[in-house]
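Heads up: the structure comes next, in structure tokens.
Sequential numbering from 1 along the given sequence is applied to the chain's residues. None of the values given here were measured: they were computed from a predicted structure.
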Amino acid sequence: MGRDGQWAAARRIRLVNVGKSLKRPSSATCDARVLPLCFLAPCAGSVNMPFASVRRTRSIDSALERHLLNAFLPPTPKTDAQLSLECILQGSNHGSGSAQARSVLVPNTHPRDAKPRLLLMGLRRYVFMFSDGSAMYSNSQWLRSGKSSIASVVFHKMPPNETLFLESTTRIQKDSIHSFMDFQVWDFPGQLEYLEPSFDLEDIFGSLGALVWVIDAQDDYLDSVARLNRTILTVQQYYPGINIEVFIHKVDGLSDEYRTDTFQDIVQRISDELSDHGYENAPVHYYLTSIYDYSVFEAFSKVIQKLIPNLSTLENLINTLGNNCGFEKTYLFDVLSKIYIASDTRPVDMACYEMCSDYIDVIVDISELYSWDHPDRKPKGDQIQEAESHVVLHDETMIHLMEMNKYLCLVSVIRNPEAREKRGLIDMNCRTFQDSLNDVFSRSWEQEDEAAV
Ligand SMILES: Nc1nc2c(ncn2[C@@H]2O[C@H](COP(=O)(O)OP(=O)(O)OP(=O)(O)O)[C@@H](O)[C@H]2O)c(=O)[nH]1
């Protein structure tokens, strides 16, 4: 069943289980489309932030702010919140570095259908195990860092245990991801010598969103770190703006102490090597990851967030929503991959993230059960377009989920008892947020079009 079907089913469940039919703000609130935040209703008095103070503190891009403040425009049709990362490719993220790279290498105009790439790279090496357990490097047994496993678990919902049966990658696997934004994931075979002259660097690193380097933390990582250093030094010459994301992977098998030591050692080795070559502030970021917990989703969320135009605007909107509604933590999730593309700026709480992520699974699973077309089922009046659901857990924590569009949903954790009582206002505020979100995304498209002229 397609995802449309899943959400359609979730809609039905909402009507049956939640039973709350809250109408969209009508003419009295139509200005909310233009000044979306000023109509957020306070749900929890203690945490309400007046609009005036919101306006002073938020840092919405000036062009976007002009748009939001350009009151009394006729309502524009709502667009799907599907992002294109072209604007990033055209320079907003890579900045001058990208331009410099293009002046050195083949000019790249990045047509509109060019999709940004996430490169998954790492080292695969052979190890021969003697019967007494000591190791000798030889052409014998593969030790693989886990790139394909990460891609399969995050983007294809493969259960982690099944990655044991994945075969080694023999050529570059190009995976197109169609979601709130389109991008490609290229999984490189661990042994590929892409820095050799026979490979065109522009083909590999042009249009790049991020380079994700996977290091097996359970293995001897010195070779992998050395190869990563070589790669960074080469790439930095031509594409200095590229984000290098280092996943120190398979940490599930390590003790806390060993994990920290490994992390520090790898960071140290890479930064020493880079500073020896004069790169003091290279854009390298490090994550401890494992496919057996949520850390790999969390890490991928951070990687993807760096590619999203107007991320700070989204965060400000979510902050304002959370402050007005008494949300403890709010995530804007991509339903398919369950990576979050934005959240409020409070510290990340893994327990909250896990609860919210699991709740999406629950809704999608129930949707699968109930989405079949029953011949006797009759629609009971008008139905609200988007799915909405909530659950109250044993410790009185409420999780509230609302579909924002075909790809995204907003999931919030509510512990404030006062806020929990005001579900109607929460729903209304979330719908106002939804309008703002679509404004932000449609604005991204307009900016691209203007840039293209
Ligand atoms: N313990 C543990 N094992 C993992 C993790 N991620 C992947 N693996 C295992 O690592 C092995 C190799 O995974 P792959 O994803 O095929 O490795 P790869 O880097 O794509 O290998 P190549 O395609 O040959 O370059 C598999 O047996 C996975 O089950 C992890 O987080 N923890």
Which value, rounded to the nearest 0.5 Å, describes the distance between [X] atom [atom1] and [Y] atom [atom2]?
{"X": "E315", "Y": "N310", "atom1": "CD", "atom2": "CG", "value": "11.5 Å"}
{"X": "M350", "Y": "S295", "atom1": "CE", "atom2": "OG", "value": "6.0 Å"}
{"X": "T330", "Y": "M402", "atom1": "OG1", "atom2": "CE", "value": "12.0 Å"}
{"X": "I360", "Y": "I399", "atom1": "CD1", "atom2": "CD1", "value": "10.0 Å"}
{"X": "Y279", "Y": "E273", "atom1": "OH", "atom2": "CD", "value": "11.5 Å"}
{"X": "Q173", "Y": "D187", "atom1": "CD", "atom2": "CG", "value": "6.5 Å"}

Sub-4.5 Å side-chain heavy-atom contact between [X] and [Y]:
{"X": "L321", "Y": "L317", "answer": "no"}
{"X": "T397", "Y": "M355", "answer": "yes"}
{"X": "R431", "Y": "D435", "answer": "no"}
{"X": "Y292", "Y": "N161", "answer": "yes"}
{"X": "H178", "Y": "L336", "answer": "no"}
{"X": "F333", "Y": "V335", "answer": "no"}
{"X": "F300", "Y": "I150", "answer": "yes"}
{"X": "L437", "Y": "L314", "answer": "yes"}

Check: [X] side chain, [Y] main-chain N or O, donor-acceptor pair, under 3.5 Å:
{"X": "K329", "Y": "R346", "result": "yes"}
{"X": "D220", "Y": "L222", "result": "yes"}
{"X": "Q218", "Y": "K250", "result": "yes"}

Query raised in the report: Run the side chain to side chain donor-acceptor pair (under 3.5 Å) check on Y359 and S389 step by step: do they pass?
Result: CA-CA 10 Å; Y359 193 52; S389 174; 2.6 Å; yes

What pairs with [X] under side chain to side chain donor-acceptor pair (under 3.5 Å), at least two apart in sequence or on another chain?
{"X": "T345", "answer": "N319"}
{"X": "Y340", "answer": "E298, K302"}
{"X": "S224", "answer": "W213"}

What are the two closest non-hydrogen atoms of [X] and [Y], and how far apart are they?
{"X": "I318", "Y": "D344", "value": "CG2-N, 3.5 Å"}
{"X": "I341", "Y": "Q305", "value": "O-CG, 3.1 Å"}
{"X": "Y286", "Y": "S271", "value": "OH-N, 4.4 Å"}
{"X": "T163", "Y": "S149", "value": "CB-OG, 3.5 Å"}
{"X": "H400", "Y": "C430", "value": "CE1-SG, 3.9 Å"}
{"X": "C409", "Y": "E403", "value": "CB-CA, 4.0 Å"}

Requested in this report: Applying side chain to side chain contact (heavy atoms under 4.5 Å, CB included), run through L120 and L118 and close with a yes or a no.
Outcome: CA-CA 6 Å; L120 280 173; L118 295 180; 5.9 Å; no

Query raised in the report: After noting the C-alpha distance and the side-chain angles of S176 and D182, does the key distance pass the side chain to side chain contact (heavy atoms under 4.5 Å, CB included) rule?
Result: CA-CA 7 Å; S176 283; D182 286 347; over 6 Å; no

Requested in this report: Pick out which of T289, L211, L228 makes a side-chain contact (heavy atoms from CB on, under 4.5 Å) with V246.
Outcome: L228

Report task. Under the side chain to side chain contact (heavy atoms under 4.5 Å, CB included) rule, what do S301 and Y353 come out as? Steps first, then yes or no, please. Result -> CA-CA 11 Å; S301 301; Y353 174 72; 4.2 Å; yes

**Report entry** Check against side chain to side chain contact (heavy atoms under 4.5 Å, CB included), D334 and I304
**Finding:** CA-CA 11 Å; D334 172 43; I304 298 283; over 6 Å; no

Query raised in the report: Does any donor atom in the side chain of D175 or H156 lie under 3.5 Å from an acceptor atom in the other side chain?
Result: yes

